[in-house]
Amino acid sequence: MLAVRAGGDLDADAPEPVAGALDTGTFAVGVARSWARAGRDVLVIDADAHGTGLARRIGAATCAGVPPAQRGLPSLIAARTPLNARSVPAHCWALRAGGSGSVLLLGAPGHPAGARRSAAWLAERADAVAALGDRWAVVVSMPGSHTEPYAALTRAAALQVTLSPAPGTAPPGGLRGVLGAFWLRFDPDPLTLVCAGAGDMESPRLAAAGGAAAGLPVVGRLGPVNESALLGGRARRRDRAALDALGVASDHLHGRAELSAGLSLDTASTNGLLWAHRPADSQPEPPRRDVSAPTATGARR
């Protein structure tokens with residue numbers, strides 16, 4: 001299980017770190033799509049305690065309907081079923097992956113009150129969340145402060161990633177480079193440092209504040225990127241460098257977490273694994289199409 005945390009010294013009610021830093025949910029989806037392109041089946045769990053609306057933003061980026069109330073943590077909690085690999089798929093949205101693997105999203109409610117309840121529900125079942133790694137490569141997004149209910153989920157994670165904002169070091173390019181010839185100066189584009197460490201960390205706040213200085217290795221440096229490109233939308237030319245860097249960082253993270261030992265590379269039988277409900281004989285209905293596909297059985301436009 002990979003836990004994605006926000007860096008910086010955050011207030012208890014702050015939904016995200018310093019402005020300009022890469023959103024944890026967006027990064028989690030980007031990593032999941034990168035792993036899926038390599039043939040892995042991935043489950044993204046939005047353990048959002050602040051209501052930042054990851055499912056809504058994915059729907060806007062892909063022009064698809066991804067309401068978490070229909071499939072997500074609210075429907076899973078209301079079903080009162082055990083949290084396991086058999087019950088989870090019926091409450092997930094299938095995201096566009098672009099490879100032989102698959103990406104399922106277990107989204108959190110967008111309202112802060114509901115988001116806090118769903119995050120606390122996940123924290124109480126942290127061991128069950130980690131056990132889902134026997135079936136999928138699990139990526140858990142935990143935006144916000146380094147307080148409860150994230151502590152239990154962090155301890156259950158095999159690997160923790162901290163996203164730390166950092167000032168850019170490369171000179172501005174493009175039009176700003178031309179304007180620089182006329183003595184017009186611009187600040188370099190900000191970077192997001194991807195710092196990886198063990199999931200059971202004694203001081204996540206120290207790691208978040210210091211990043212590599214706190215002893216965490218930096219496995220990636222991501223420049224500015226349009227959020228839509230990571231969530232499944234169209235990528236612009238300016239996004240390509242960051243997407244390439246994310247792909248390299250994703251490979252490093254997969255190796256560090258040693259997820260390959262628990263994954264099957266034969267994903268032919270699980271691509272598009274998603275059904276609305278289970279019939280009485282406990283046999284799944286035919287798989288649903290990708291929610292981002294413009295079909296009658298997929299997304300609502």
What's the shortest heavy-atom distance between [X] and [Y], and which atoms?
{"X": "Val66", "Y": "Gly59", "answer": "CG2-CA, 4.0 Å"}
{"X": "Asp41", "Y": "Ser102", "answer": "OD1-OG, 2.8 Å"}
{"X": "Asp48", "Y": "Ala108", "answer": "CB-CB, 4.0 Å"}
{"X": "Gly232", "Y": "Arg33", "answer": "CA-CZ, 3.6 Å"}
{"X": "Ser75", "Y": "Gly72", "answer": "OG-O, 3.0 Å"}
{"X": "Ser34", "Y": "Gly247", "answer": "OG-CA, 3.8 Å"}

Any [X] side-chain heavy atom under 4.5 Å of [Y] side chain:
{"X": "Leu163", "Y": "Val4", "result": "yes"}
{"X": "Asp23", "Y": "Arg57", "result": "yes"}
{"X": "Leu153", "Y": "Ile45", "result": "no"}
{"X": "Leu122", "Y": "Pro149", "result": "no"}
{"X": "Cys195", "Y": "Val218", "result": "yes"}
{"X": "Leu243", "Y": "Leu230", "result": "yes"}
{"X": "Leu231", "Y": "Thr26", "result": "yes"}

Can Leu246 and Phe27 be said to form a side-chain contact (heavy atoms from CB on, under 4.5 Å), step by step? CA-CA 9 Å; Leu246 177 63; Phe27 178 83; 3.5 Å; yes
Determine, stepwise, if the pair Arg125 / Trp121 fulfils side-chain contact (heavy atoms from CB on, under 4.5 Å). CA-CA 7 Å; Arg125 296 158 178 81; Trp121 186 87; 3.0 Å; yes
Residue of the set Val138, Val129, Leu73 for which side chain to side chain contact (heavy atoms under 4.5 Å, CB included) holds with Leu106: Leu73
Test applied, side chain to side chain contact (heavy atoms under 4.5 Å, CB included); reference residue, Val42; option that passes from Val139, Val31, Val29: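 Result: among Val139, Val31, Val29, Val139 is the only option passing the side chain to side chain contact (heavy atoms under 4.5 Å, CB included) with Val42.
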By side chain to side chain contact (heavy atoms under 4.5 Å, CB included), which residues pair with Ser141, not counting sequence neighbours? Thr24, Ala28, Asp46, Pro143
The criterion is side chain to side chain contact (heavy atoms under 4.5 Å, CB included); which residues satisfy it with Arg56, sequence neighbours excluded? none
Working to the nearest 0.5 Å, report the span between NE2 of His91 and CD1 of Ile77.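 Here the rounded value is 10.5 Å.
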State the CG-CG distance between Leu43 and Leu132, to the nearest 0.5 angstrom.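 Leu43 atom CG to Leu132 atom CG measures 6.0 Å (nearest 0.5 Å).
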Donor-acceptor under 3.5 Å ([X] side chain, [Y] main chain):
{"X": "Asp239", "Y": "Arg236", "value": "yes"}
{"X": "His111", "Y": "Ala113", "value": "yes"}
{"X": "Trp93", "Y": "Pro67", "value": "yes"}

Going through the checks in order, is the side-chain contact (heavy atoms from CB on, under 4.5 Å) test met by Leu193 and Arg221? CA-CA 5 Å; Leu193 301 181; Arg221 300 174 184 269; 3.4 Å; yes
Any side-chain donor paired with an acceptor under 3.5 Å for Thr81 and Arg86? no
Modelled atom types, side-chain donor and acceptor of Thr154 and Arg5, under 3.5 Å: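 Side chains of Thr154 and Arg5: pair found under 3.5 Å.
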Heavy-atom count check: over 12 atoms from other residues, nucleotides or ligands less than 6.0 Å from Asp127 CG? no
Mark yes when over 12 heavy atoms from residues, nucleotides or ligands other than Arg37 sit less than 6.0 Å from its CZ; otherwise mark no. yes
Name the orientation class of the two ring planes belonging to Trp35 and His254 (parallel below 30°, tilted from 30 to 60°, perpendicular beyond 60°). perpendicular
